[in-house]
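Handing you this structure, nothing more for now.
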Number of protein chains: 2
Amino acid sequence: MASAEGLHAARSRGRNTRQLVHEVLRSRIVGLELEPGSAVSENDLAAELGVSRTPVRESLILLADEGLVDIYPQMGTFVSRIRERDVASAQFIREALECAALREAVGKAGARDVAELRVLLTAQEEADRQADMEGFFQLDEEFHARLMAVSGHASAWPVVSQAKAQLDRARRLSLPMTQQMSLLIGQHREVVDLLEAGDLDRADEALRSHLRLVFSDVEKIRSKHPELFSDEDAPLRPRRDSPRRTAARGDR
Amino acid sequence: MASAEGLHAARSRGRNTRQLVHEVLRSRIVGLELEPGSAVSENDLAAELGVSRTPVRESLILLADEGLVDIYPQMGTFVSRIRERDVASAQFIREALECAALREAVGKAGARDVAELRVLLTAQEEADRQADMEGFFQLDEEFHARLMAVSGHASAWPVVSQAKAQLDRARRLSLPMTQQMSLLIGQHREVVDLLEAGDLDRADEALRSHLRLVFSDVEKIRSKHPELFSDEDAPLRPRRDSPRRTAARGDR
DNA sequence: GCTGACGTACTTGTATGGTAGCCGACCGAC
DNA sequence: GTCGGTCGGCTACCATACAAGTACGTCAGC
């Protein structure tokens, strides 16, 4: 997945190196491939990805803006630990925007919109049957994005997506309980049903409780994996214990 | 304001060059000192500000992420024209977040919160009397930020602020009608009154209509200054007519 | 006069060099 | 044993050099 070589292969397709590096790193962080608290050095990443430090550095700056990494000048850059405050903020933003969009979507939604959403629901059930967690995550993202698009506010999705990233890092750990998947899908279906029926208030409520469930998951995770979270106000101890990088030298 | 020399002077105070350049450019763009459509060359800015291309470039990347500039590789970077779509999106985001926060603030607001808000209202009236538009803008920003803070969601303000930037560029041109200022202040006061009274629905409605008024202003501006707006879908003509930069050479 | 090819001057993208500053281990003094 | 200074190695920051590509003025050909 997104190895060093694959990066250059896709490079010709419009996007430049910075954007590719940004996507790779973002995906690794949100997918927990890079754990909260771990160091991400410009030099190491540049060497691993086979590019210079410049695009890596520019990507890290963007990721810092998104709150996914913390840059400590002259000390290092670290994947940000999950902060209570950021998670709560992300939840608030997501809930406000998605619910506001849904309220506008009710009444606007055509038969085609509903049909497209139902296609995604079916695909989600298939992913559930196959226990394809990664696939479900993508379909979930697409579902929520599409839901916002119905209201005509697709352009606000990136903001939601950014907030969502903070939540998803933690969720990644919780979803293994496969029972959750069918529950979430059921909630998705309920939202679509109520949207189709034009029941504004109940649709809003259904989506809101769906999002809250996701949020409460994060809290559960916290007790299980406290090392991924930041104990607030004690961030000035990034720890540079980075073990010597043994491999990754012969390539290129 | 914010000349090249001032930049280095403030540099010692914690923030690095990139952040300073970012603030300067953002302020110039939102303040319309740099007009939509005008070219912002990495080289020119670096020379003018007395720094190298690197921090300038990194700032521009951040500004592009905020939608304030458009980067066309190998062609140039231009202050983005105001796009119908972006303005609508910004309005949606702002309205959803600010109103959601206000709804949560009702009931939470203590006497002290209300008092602090009222202090800002008084200051706004003073700015109105003195026809101090710039001061009013800052106080307006502070009022809305404080209002969100009451709900405990101050950390979501940057998102609102980013959306607001898109709207403010246009508003900058409209506010000269000083009659508007007292109208806006009156609406601010109404929101605070209803917040204090604990009337959730009417407070929400008051804030919403206030924000909508601001939004409608933008539409008025469009007819007056069409050159600042993008006629959608015709963006691939940035025009490089950048007139020779005559001044700004002897300093440093 | 008009059209089309070409060259120059500009742009951003990427790579690399040098600097200031922080951490942590080592080592000597007490 | 404990404390304090020093030094090596690492970091991100900034500056600079080079590369790839576009626009636009110029000029030759018609």
Side-chain angles (χ1 to χ4, degrees), chain A residues 4 7-8 10-22 25 37-65 69-80 235-245 252, chain B residues 4 7-8 10-22 25 37-65 69-80 235-245 252:
Chain A
L7 190 145
H8 277 94
R11 179 173 171 181
S12 49
R13 290 207 300 122
R15 296 199 281 266
N16 57 25
T17 308
R18 172 178 73 250
Q19 293 164 326
L20 290 171
V21 172
H22 178 69
L25 291 181
S38 62
V40 282
S41 143
E42 293 179 5
N43 273 317
D44 291 354
L45 285 175
E48 181 195 351
L49 297 176
V51 299
S52 82
R53 285 167 15 229
T54 303
V56 172
R57 171 181 169 75
E58 290 168 350
S59 299
L60 289 176
I61 291 172
L62 284 173
L63 290 171
D65 197 56
V69 304
D70 296 321
I71 299 176
Y72 299 91
Q74 276 69 42
M75 276 202 277
T77 301
F78 303 84
V79 177
S80 65
L236 260 303
R237 280 286 128 200
R239 292 240 319 277
R240 194 202 269 180
D241 63 22
S242 61
R244 287 294 158 272
R245 178 165 268 298
R252 192 220 161 70
Chain B
L7 190 145
H8 276 95
R11 178 171 171 181
S12 50
R13 285 207 303 123
R15 293 199 281 267
N16 57 25
T17 309
R18 171 176 73 247
Q19 293 166 328
L20 289 170
V21 172
H22 178 69
L25 291 181
S38 63
V40 281
S41 151
E42 293 178 4
N43 273 317
D44 290 354
L45 285 174
E48 182 196 351
L49 297 176
V51 300
S52 83
R53 267 185 60 206
T54 302
V56 171
R57 172 180 171 74
E58 291 168 351
S59 299
L60 289 176
I61 290 172
L62 284 173
L63 290 170
D65 197 57
V69 305
D70 297 321
I71 300 176
Y72 300 89
Q74 275 70 45
M75 276 201 277
T77 301
F78 303 84
V79 178
S80 65
L236 260 301
R237 279 286 125 201
R239 293 238 319 273
R240 194 203 269 177
D241 62 24
S242 60
R244 284 295 155 273
R245 166 166 282 298
R252 191 236 153 66

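Here is the naming used below: chain letters follow the sequence lines, and residue numbers restart at 1 for every chain.
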Subject >> Derivation of the side chain to side chain contact (heavy atoms under 4.5 Å, CB included) call for B/Asp65 and A/Asp65 >> reply: CA-CA 10 Å; B/Asp65 197 57; A/Asp65 197 56; 4.0 Å; yes
Subject >> d(CD, B/Glu42; P, D/dC14) in whole Å >> reply: 15 Å
Original post:
For B/Arg57, which residues count as a salt bridge (charged side-chain N to carboxylate O under 4.0 Å, His left out) partner, sequence neighbours excluded?
Top reply: A/Glu58, B/Glu42
**OP:** For the side chain of A/Ser41, starting at C-beta, report the closest nucleotide among D/dC14, C/dG13, D/dT11.
**Re:** D/dT11
Original post:
Can you check the B/Leu45 CG to C/dT11 P distance for me, whole Å?
Top reply: 10 Å
**OP:** Go through A/Ser38 and A/Val79 one step at a time and tell me if the side chain to side chain contact (heavy atoms under 4.5 Å, CB included) criterion holds.
**Re:** CA-CA 6 Å; A/Ser38 62; A/Val79 177; 3.7 Å; yes
Original post:
To the nearest angstrom, how far is A/Tyr72 atom OH from C/dA20 atom P?
Top reply: 25 Å
Original post:
How close or far is atom P of D/dC13 from atom CG of B/Leu49, stated in whole angstroms?
Top reply: 18 Å
Subject >> CD1-CZ distance between B/Ile61 and A/Arg18, expressed to the nearest 0.5 angstrom >> reply: 3.5 Å
**OP:** Look at the side-chain N and O atoms of B/Ser52 and state whether any lies under 4.0 Å from the OP1 or OP2 oxygen of D/dA15.
**Re:** yes
**OP:** Among C/dA15, D/dA23, D/dC13, find the nucleotide with the atom closest to the side chain of B/Met75.
**Re:** D/dA23
**OP:** Report yes or no: is there a donor-acceptor pair, N or O only, under 3.5 Å between the side chain of B/Gln74 and the base of C/dT12?
**Re:** yes
**OP:** State whether B/Asn43 places a side-chain N or O below 4.0 Å from either non-bridging phosphate oxygen (OP1 or OP2) of C/dT11.
**Re:** yes
Original post:
Nearest to the side chain of A/Pro55, which nucleotide is it out of D/dT16, D/dA12, C/dA15?
Top reply: C/dA15
Using a cut-off of under 3.5 Å, enumerate the N/O to N/O pairs linking the protein to nucleotides 5-8 of chain C.
none

Original post:
Rounded to the nearest 0.5 Å, how far apart are CG of A/Asp44 and OG1 of A/Thr77?
Top reply: 11.0 Å
Original post:
Roughly, in whole Å, what's the span from CG in A/Leu20 to P in C/dG13?
Top reply: 13 Å
Original post:
What's the spacing between B/Asn43 CG and B/Glu48 CD if we round to 0.5 Å?
Top reply: 12.5 Å
Original post:
What's the closest nucleotide to the B/Thr77 side chain, out of C/dA15, C/dT12, D/dA12?
Top reply: C/dT12
Original post:
If you look at every heavy atom in B/Pro73 and B/Ile71, which pair is closest and at what distance?
Top reply: CD-O, 3.5 Å
**OP:** Let me know, please, whether A/Arg53 or B/Val40 comes out on the 5' side of the other along DNA chain C by nearest nucleotide.
**Re:** B/Val40
Original post:
Of the non-hydrogen atoms in A/Pro55 and A/Val21, which two are nearest, and what is the gap between them?
Top reply: O-CG1, 4.4 Å
Subject >> Interatomic distance where CD1 belongs to A/Ile71 and P belongs to C/dC22 [whole Å] >> reply: 16 Å
Original post:
Do B/Val56 and B/Val51 come close enough that some side-chain heavy atom pair is under 4.5 Å?
Top reply: yes
Original post:
Looking for any heavy atom pair under 4.0 Å, which part of the strands does A/Arg18 touch: base, sugar-phosphate only, or nothing?
Top reply: sugar-phosphate
Original post:
Roughly how far apart are B/Asp70 CG and B/Leu63 CG, rounded to 0.5 Å?
Top reply: 11.0 Å
Subject >> Proximity to the side chain of A/Asn16 - top-ranked nucleotide from C/dG18, C/dG13, C/dA15 >> reply: C/dG13
Original post:
Heavy-atom contacts under 4.0 Å between residues 56-65 of chain B and DNA chain C, which residues?
Top reply: B/Arg57
